[in-house]
Each structure stands twice: as C-alpha cells, then as structure tokens.
Novice: 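Below is the structure I would like to discuss, written out as structure tokens.
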Amino acid sequence: MSKHAWWQEGTIYQIYPRSFMDSDGDGIGDLEGVRSRLDHLVWLGVDAIWLSPIYPSPMTDFGYDVADFCAVDPRFGTLASFDALVRDAHARGLKVILDYVPNHTSDQHPWFREARSARDSPKRDFYLWRDPGPGGRPPNNWLSEFGGSAWEWEPVTAQFYCHSFLKTQPDLNWRNPTLRAAMLEVLRFWLERGVDGFRVDAIHHLIKDDQYRSNPVNPDYRPGQPPKRSLVRLYTTDRPEVHEAIGLMRGVLDAYPDRVLIGEAYLPIERLVRYYGVELAGIHLPFNFHLIHSRWEAALVADMVRRYEQALPPGAWPNWVLGNHDRSRIATRVGPRQARVAAMLLLTLRGTPTLYYGDELGMRDVPIAPAQVQDPWEKNEPGLGLGRDPERTPMQWAPTPNAGFSNATPWLPVAADFGVANVEAETADPASMLNLYRTLLAIRRHHPALAVGSLVPLDTDADTGTDLPPGVLAYERKQGVDRLVVLLNLTSDPRRLVLPAHLVGATILLSTLPGAGPDLGGATVTLGADEGVLMAAP
Ligand code: TEU
C-alpha cells in the first residue's frame, strides 16, 4: 500500500463549468455536460476534477458571487445532477473538488439582504460595516481588487460595507463566531454529499485588520499596472488571524477520511508556505502560482524551484500550477512550442500538478472584442489588459459548430483555430499537445520517481563532469530504483550539454518534439530548439 494520499500522487484538472460542456443548449456549460465528458478525463489520465463555483449566483463575477452556498445554480443543474456527477466520477476513480468562497457572498445572499436592512439585524455583524470618514468619505484607503474603493455606501443604514472584490461581493466577517459556524456548516453539507475536498477562494483575503488601518502606498507602483497595486495590501491580506480560520476549516475536513484542502493565495514563497500551518494543520496544498508569474528563463525557474523546495516546511507537499481562469494561458505566455516544454515541466516537477482545462489542447487566449466583454474587471477598468475572458473561452471538443461545446452560440467566442485544436483532431494525431499531455500523465502514473520521488537539480559541476549550458533546466527524480532525468531547453536554439558521469547511458522515454529524439552522443546530449526530454537513468 502506498503511503501517499491521492492528492499527493494524483493530478488535478480545473474545470470552469461555464465553459466546459453545454448539455442543454443555452450556450453555458453545465454539470450534465461535465458528466458526459468524464470518460475523456479518464482517458487523459487525471485523478481529480476541481469545479469553479456551481452555486446559485447573480453571476456578476460568474459564480464567485454566491447567493446560496448549499445549492446548485439552475444554469448548471440541480443537486440531483450534482449527485449524479459525483457518483459517476467516483465510479471512474475520479475525485471531485468544489470551490469554496468564504471571503464574501453575493449582495443577493439572504444574509446580506437582511444585514443591510437594519443596523440591529442579527446578520449585520456577518459583514464589515464602518461609519464614514471625515467629509463622508470611505473609512480608509482600502482598494477593491477590481478597481475603486473597497467601501460601498449603504444609504438605508448610513454605513459603508467592505468588499475586496466587486461591490456585489460584500466581505464576510470571520471574526463573528455565528458566521464562522455557518460557513463551516457549508463544508459539512458538501462533505456529506461525498465531495473529496475544496479549493478555498482568495484565502489570503479572509481576515482584515481589526483596527481598519489604511494600507501604505507602494513605492514600486508604476502607471499601467492594475490600480490596486498602488497600495501594499498590508492590512487587507495575509493577516495573522487567517490561520485560525483555516485551522477551523481543516478541523471540519479531518472528521472525514481522505479529503483535501487547497487554498488560493497569491503570495511570495516565504509567506505562502505558512499556509501549510503549524505542524501542517493548515491547508494541504496552498496553490503555488510561481510558475505563472516567473519569467520563462531557465535560470529564473531553476532558482524559483530551489527557493520553493527550501522554503517548504518538513513534510509539506509541494504543488504547481501553470494556468487558471484568472491568468493568461500558458500557450499564449510562452508560445506553442515552449508550451510543450512547460507541460513536461509541470508534470515532472515534485508535487501535485493542477492543469487548467484546454491547456492540454494548447488552447490560447482568445481576443475579445469590446462588445463581447463579459468579465466585470475588464468592464470596471477597461483597456489595461486585465480582463479574464480570453482564458475562459469554450472547451474545443470537435471541428463542428461551436467546437462541439454547445448547440447554441456560446457565452464567449470560440477560438479561431478550433478546427485543428480540438479533442477529436488531437486524439487522432500522435504529435498533438493532447497526446503529449496524455503520455506525460501515463508516464507519471507508472513512475513513482515522478509521482512521489525526490527532486535533485542538475547544475554545472566540475566534480561530476556536468556541463549545463544557459537556458537549460535539468533535474533528476528518484524513488528507490526508479530514476528519471528531465532536460528542458527553454530557448529556441539547440543546446549541447554534458551529462554527469552517473547519468551517461540514460535512455529517452519521451521528447516534446514529435518524432525527433535528442541526438545521443554518450556523455553529451544535444537538445533541439524548444525541446524537452524525459530520460530513464542507466
Ligand atoms: O481570485 C482571488 C484573487 O486572489 C485575486 O486577487 C485574483 O488574483 C484577481 O482577482 C485576478 O483574477 C479569486 C477567483 O479566482 C477569481 O476568479 C474571483 O474573481 C475572485 O477570487 C473573487 O471571488
């Protein structure tokens, strides 16, 4: 029996439900759609699906504005269709992870409707209310992530409420014990229905300074950056008290066997790793987004991997993310050829990989004309390139109308290249991105060195005779007798390297360049332009 949990050995696949598969012809994806595509995900070789929010919502932030935490939005289905999805997923060995959005509700949530109606409402303290500052201004300088002040005036009760995101997303007050208990009950509701874990939204935003101090000005702010960057979010994110709230969530999960808590926190490595909690009693997998933010240069990526590995508390399990519904797609960020190298990197690093739907097809950001914009952030702060619609376009299933996603016009446009970049065409093409992902996932599954082994960076080293040219990222993965070598050329020129003595004679398992393996010359290996190779150590 393996001593590792499924969420350590396995791979997570993020589904943005609006965009994955539409079963009822309204141009919006739904749970029945997801259910109808489970066999594809099994074929691909992932282990768990994480669904972005499926709860009843006015959709001002496409589901991240929740009006009822314990139901399913009719656009996505019903509790019965959710149960059917979980049942079918489990029957195929797939785990199901839900999005949990504890920082805020929709302004249409019954709690907020009640809270805003009267100062003495029992729900008033579920949210963050403040009197105006001098001259009727907001109580402090806090900014919304999506533009403008984080404070909205509520005329009926003559106070401001705090919203870290849209004004339709009022922040909850996690210092209130009744609110805390109600939110923990939400976790139990879904755990009882059989979900295998949660991805906790915006966890670093959960608790705000109890003295409501203004945030300091960011001296490094440059015009053109998102306006929220003009302040350092000292008093609005990553507050020490957040760990107490996380401990409570973890306590609920621990009453059920084999569940996982994943946290979304955009933080520097040193602060991120604190989310594992004291004695690892916090989040199992604080999402590591540093591959998304790193410049695509081997030396920088190697240094970041090293710093992350060193910062991990003893026993903490690493994880890696290349893309999600909030960030430009990897194939757009690094180009289609390096996106294949990135796939090999993601699936050979040490730790749980999370894949974003469509990245396995090489999907790219889709240009969105002004009239087609859906994302509220883009609408609030247009023209800065902040919109998230480009990475949320419909999954490309087939070279048929609407890419096989829907019978109706989809809510966002389908990529222009869907005729070639789609599941059907790429399944049939051994050289496709889809088959590269599938092969990598299969190799990962069959090699404990990749799934759970150690990672040893290869550097230029006179003692071992290693000579690593600039632009190449290289490491070994080992677990018992299973030993693999990963060589990644992050440049678009060929690179020749000399292997360390103990790896001379390694044999190729896979190259990212279809058809072409690297030129093997004993101790020297020539990597093609944009080539990554995975080798079995001798
Ligand atoms: O994003 C939270 C988050 O940390 C933001 O700072 C994020 O980096 C920024 O909004 C860019 O998208 C989460 C969700 O992933 C996002 O889709 C939601 O809009 C947001 O929370 C509010 O729930």
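Values below: every heavy atom of this structure, side chains too, minus hydrogens, waters and symmetry copies. Throughout, numbering of the chain's residues begins at 1 and tracks the sequence. No experiment lies behind these values; they were computed from the predicted model shown. Counting convention: from 1, in listed order, for ligands and their atoms alike.
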Novice: If you draw the axis of the six-membered ring of Y266, does the NZ or CZ of R327 fall within 45° of it and under 6.0 Å from the ring centre?
Specialist: yes
Novice: Using a 4.0 Å heavy-atom cut-off, which part of H163 comes near ligand 1: side chain, backbone, both, or neither?
Specialist: neither
Novice: At less than 4.0 angstrom from any non-hydrogen atom of F165, what atoms of ligand 1 do you find?
Specialist: 2 (C), 5 (C), 20 (C), 22 (C)
Novice: Return the orientation label for the H293 and F289 ring planes: parallel under 30°, perpendicular over 60°, tilted otherwise.
Specialist: perpendicular
Novice: Going by the atom numbers of ligand 1, which of them fall below 4.0 Å from some non-hydrogen atom of H325?
Specialist: 14 (C), 15 (O), 16 (C), 17 (O)
Novice: If only side-chain N and O atoms count, and only distance matters, is there a donor-acceptor pair under 3.5 Å linking D238 with Y275?
Specialist: yes
Novice: Report the nearest protein non-hydrogen atom to atom 10 (O) of ligand 1: residue, atom name, distance rounded to 0.1 Å.
Specialist: F146 CE2, 3.4 Å
Novice: Can you name the atoms of ligand 1, numbered from 1 with element, that are less than 4.0 Å from a heavy atom of E145?
Specialist: 6 (O)
Novice: Mark up the atoms of ligand 1 that fall under 4.0 Å of a heavy atom belonging to R392, in ascending order.
Specialist: 17 (O)
Novice: Which of the numbered atoms in ligand 1 are under 4.0 angstrom from any heavy atom belonging to Y266?
Specialist: 4 (O), 8 (O)
Novice: Would you list the pairs meeting salt bridge (Lys or Arg N to Asp or Glu O under 4.0 Å) in which at least one residue belongs to residues 371-382, sequence neighbours left out?
Specialist: D375-R388
Novice: Any idea how H109 and F69 line up, ring-wise: parallel (<30°), tilted (30 to 60°), or perpendicular (>60°)?
Specialist: tilted
Novice: Going by the closest heavy atom to atom 21 (O) of ligand 1, which one wins out of L267, D201, D65, V101?
Specialist: D201
Novice: Quick one: which ligand 1 atoms are inside 4.0 Å of a heavy atom on H104?
Specialist: 22 (C), 23 (O)
Novice: With rounding to the nearest 0.5 angstrom, report the CD1 to CG distance, I15 to L85.
Specialist: 7.5 Å
Novice: Which class fits the ring pair W111 and F126: parallel under 30°, tilted 30 to 60°, perpendicular over 60°?
Specialist: perpendicular
Novice: What protein heavy atom lies closest to atom 18 (C) of ligand 1? Include the residue and the distance to one decimal.
Specialist: D61 OD2, 3.3 Å
Novice: Please list, in number order, the atoms of ligand 1 under 4.0 Å from a heavy atom of H204.
Specialist: 4 (O)
Novice: What residue and heavy atom of the protein are closest to atom 3 (C) of ligand 1, and at what distance?
Specialist: E264 OE2, 3.8 Å
Novice: Would you call the rings of W151 and W142 parallel, tilted or perpendicular, where under 30° means parallel and over 60° means perpendicular?
Specialist: parallel
Novice: Where is the nearest protein heavy atom to atom 8 (O) of ligand 1: which residue, which atom, and how far?
Specialist: R327 NH2, 3.1 Å
Novice: What protein heavy atom sits nearest atom 17 (O) of ligand 1, and how far away is it?
Specialist: D326 OD1, 2.7 Å
Novice: Ring-plane angle category for H284 and W7, please: parallel below 30°, perpendicular beyond 60°, tilted otherwise.
Specialist: tilted
